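Working notes, beginning with the structure itself.
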Amino acid sequence: MLELPESWVWDSWYVFDGEKHHAFYLRASRALGNPDRRHRQPYIGHAISTDLKNWTVLQDAIAISDPPAWDSWTTWTGSVVKGDNGKWWMYYTGTSREDGGDIQRVGAATSDDLLTWTKLDANPLVEADGDRYELLDYSKWHDQAWRDPWVFKHEGKWHMLITARTIEGEKFGRGVAAHATSDDMVNWRVGEPITKPDTGFGQMEVFQVAEIHGKPTLLWCCGPRELDEETRAKYPLGGMFSVVGESMIGPFDVSKFVWFPHPSIYAARAVKHGDTWYMLGFENETDKGFGGRILDPIPLKIEGHGLVPA
């Protein structure tokens, strides 16, 4: 378990360097008093482990930039991957004080050692395409959803999945996995989403796609307030969802999703340790309030169309 006495911890993402697992996570000081305030006061923290249970906390990885900047207000959830040039790349979400903080964009930083990170001068790299995806409109949604980049290589090309909302469908059905591609990790082309709308989700957060037990599997999370009425009636706590697909870039039929039966885990990732896949995520709301810590790993298996505890 990863629990910090001075900070709440929430969304996290992981990479294995051949010897150690590296966890990158959002953290904010408990001195804020109210955990709801954490979203506008985050740092990207860093810890390492050899067993996914016992963690050594290292220096923070990334903080906000001085204004004016695309990430002058927040640095939010992302992913880490090793690039073609041998460097580590962290793609992450940024918001800006200059535009009110409700327009989300994606940028990147690179590192030689996973410790010291340098933000790219070309940032931000990927922005919402208004021809396909919903832009900021408070009559439709509370922000411009374009965050949580999950980057991976597939058939010689780099792919990015992004939390987004389409311009079609009902208010609480527009959540989709936006899709962008790149040849060089810097220049990205935004394309059609790899999921369809009107499947019960106002937003689908913190995507991951991985081949788990031989099956391409898409993971995401959604809070109860962002589910449509029918889905919320079945899953009143929201939480983690997954579905298997035909390839790493789909298609994925989200209507066949499987809910992960855990009362409080959120924004979780599937992480492989040895021959076993585990789910790692933070403890969200409990009967004692906000958990704010990374829970111990939960072994996974595929049952039906998605992931359940093994």
Side-chain angles (χ1 to χ4, degrees), residues 1-15 17 20-49 55-81 87-121 123-125 143 146-151 163 205-206 208 221 266-269 271 280-284 289-295:
M1 184 176 297
L2 176 54
E3 185 173 17
L4 304 182
E6 76 284 359
S7 296
W8 292 296
V9 176
W10 63 109
D11 295 13
S12 56
W13 54 103
Y14 303 84
V15 69
D17 68 5
K20 299 178 293 295
H21 295 279
H22 292 250
F24 297 92
Y25 50 85
L26 304 185
R27 72 159 190 89
S29 173
R30 294 177 184 267
L32 292 168
N34 183 347
D36 291 342
R37 297 180 62 200
R38 72 189 188 277
H39 298 292
R40 291 297 183 181
Q41 311 288 336
Y43 289 84
I44 296 179
H46 185 193
I48 55 174
S49 174
W55 295 93
T56 299
V57 176
L58 305 179
Q59 68 189 38
D60 288 338
I62 288 181
I64 61 172
S65 298
D66 292 333
W70 72 284
D71 61 349
S72 62
W73 199 338
T74 62
T75 52
W76 283 336
T77 309
S79 59
V80 172
V81 66
K87 288 182 176 290
W88 297 98
W89 291 64
M90 184 188 298
Y91 292 88
Y92 66 97
T93 310
T95 66
S96 171
R97 291 186 179 276
E98 289 79 350
D99 61 23
D102 286 338
I103 297 175
Q104 299 160 9
R105 301 176 176 91
V106 171
T110 61
S111 175
D112 293 321
D113 57 8
L114 291 168
L115 293 174
T116 302
W117 294 87
T118 302
K119 298 177 182 181
L120 270 63
D121 291 336
N123 284 333
L125 303 180
D143 60 20
W146 194 258
R147 65 181 183 277
D148 311 332
W150 178 262
V151 175
T163 291
E205 298 188 283
V206 191
Q208 178 187 359
C221 55
Y266 202 74
R269 308 291 195 173
V271 181
L280 276 173
F282 78 92
E283 186 178 48
N284 197 6
F290 180 66
R293 58 184 180 175
I294 305 296
L295 297 170

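Here the structure is a predicted model, which means the values were calculated and not measured.
- Without hydrogens or angle criteria, His39 side chain to Trp76 main chain gives no donor-acceptor distance under 3.5 Å.
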Check the pair Trp88, Val15 against side chain to side chain contact (heavy atoms under 4.5 Å, CB included), reporting the backbone distance first and the verdict last. CA-CA 10 Å; Trp88 297 98; Val15 69; 3.4 Å; yes
Under the criterion side chain to side chain contact (heavy atoms under 4.5 Å, CB included), I'd like the reasoning laid out for Phe24 against Leu114: C-alpha separation, chi angles, the key distance, then a yes or no.
CA-CA 10 Å; Phe24 297 92; Leu114 291 168; 4.2 Å; yes
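- Remark: the Asp17 side chain and the His22 side chain contain an N/O donor-acceptor pair separated by less than 3.5 Å.
- A distance of 9.0 Å separates CH2 of Trp55 from NE2 of His46, quoted to the nearest 0.5 Å.
- With respect to Arg105, the side chain to side chain donor-acceptor pair (under 3.5 Å) criterion is satisfied by exactly one of Asn123, Asp99, Thr93: Asp99.
- With a 6.0 Å cutoff to the six-membered ring centre and a 45° limit on the axis angle, Arg40 counts as a cation-pi contact of Trp73.
- Checked by atom type, the side-chain pair Lys20/Ser49 shows no donor-acceptor distance below 3.5 Å.
- Remark: Asn34 pairs with Asp36, Arg37 by the side chain to side chain contact (heavy atoms under 4.5 Å, CB included) rule, at least two apart or across chains.
- Aromatic rings of Tyr43 and Trp10 (six-membered ring for Trp) have centroids beyond the 6.0 Å cut-off, not under it.
- Each of Tyr91, Trp89, Trp117 was checked for a side chain to side chain contact (heavy atoms under 4.5 Å, CB included) with Val80, and the lone residue meeting it is Trp117.
- By the side chain to side chain contact (heavy atoms under 4.5 Å, CB included) test, Ser72 pairs with Pro67, Ala69, Ser96, Arg97, Glu98, sequence neighbours left out.
- No side-chain heavy atom of Val106 sits less than 4.5 Å from a side-chain heavy atom of Leu125.
- Taking CZ of Arg38 as the start and CZ of Arg30 as the end, the distance is 11.0 Å to the nearest 0.5 Å.
- A donor-acceptor pair shorter than 3.5 Å can be found between the side chains of Thr74 and Thr95.
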**side chain to side chain contact (heavy atoms under 4.5 Å, CB included) evaluation trace for Thr163 with Val206** = CA-CA 7 Å; Thr163 291; Val206 191; 5.7 Å; no
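- Relative ring orientation between Trp70 and Tyr92 is described as tilted, the plane-to-plane angle lying within the 30° to 60° band.
- Counting only N and O atoms by type, the side chains of Asp11 and Tyr266 include no donor and acceptor under 3.5 Å apart.
- Contact annotation: the side chain of Asp148 never approaches that of Trp13 to less than 4.5 Å [non-hydrogen atoms, C-beta and beyond].
- Put simply, the side chain of Asp60 never gets that close to the backbone of Ala63: no donor and acceptor are under 3.5 Å apart.
- In this structure, the separation between CE on Met90 and CG on Leu120 is 12.5 Å, given to the nearest 0.5 Å.
- Residues Val9 and Arg293 have side chains not in contact (no heavy-atom distance under 4.5 Å, counting atoms from C-beta outward).
- Here the straight-line distance linking atom CG of Leu280 with atom CD1 of Ile294 works out to 7.5 Å at 0.5 Å rounding.
- Using a 4.0 Å cut-off between charged nitrogen and carboxylate oxygen, Lys119 and Asp71 count as a salt-bridge pair.
- Here the side chains of Trp146 and Ile103 are not in contact, with every heavy-atom distance at 4.5 Å or above.
- The residues Arg147 and Glu205 are annotated as salt-bridged, a charged nitrogen and a carboxylate oxygen being separated by less than 4.0 angstrom.
- Here the straight-line distance linking atom CG of Leu4 with atom OH of Tyr25 works out to 5.0 Å at 0.5 Å rounding.
- Centroid-to-centroid, the aromatic rings of Tyr14 and His21 stay 6.0 Å apart or farther.
- The main-chain N or O of Thr116 is found under 3.5 Å from a side-chain atom of Ser111 such that the two form a donor-acceptor pair.
- Ile44 CD1 to Ser12 OG: the interatomic distance, rounded to the nearest 0.5 Å, is 12.0 Å.
- Residues Phe290 and Glu283 form no side-chain contact, since every pair of their non-hydrogen atoms from C-beta on lies 4.5 Å or further apart.
- Closest non-hydrogen pair, Trp8 versus Ser29, comes out as CZ3-O, 3.2 Å.
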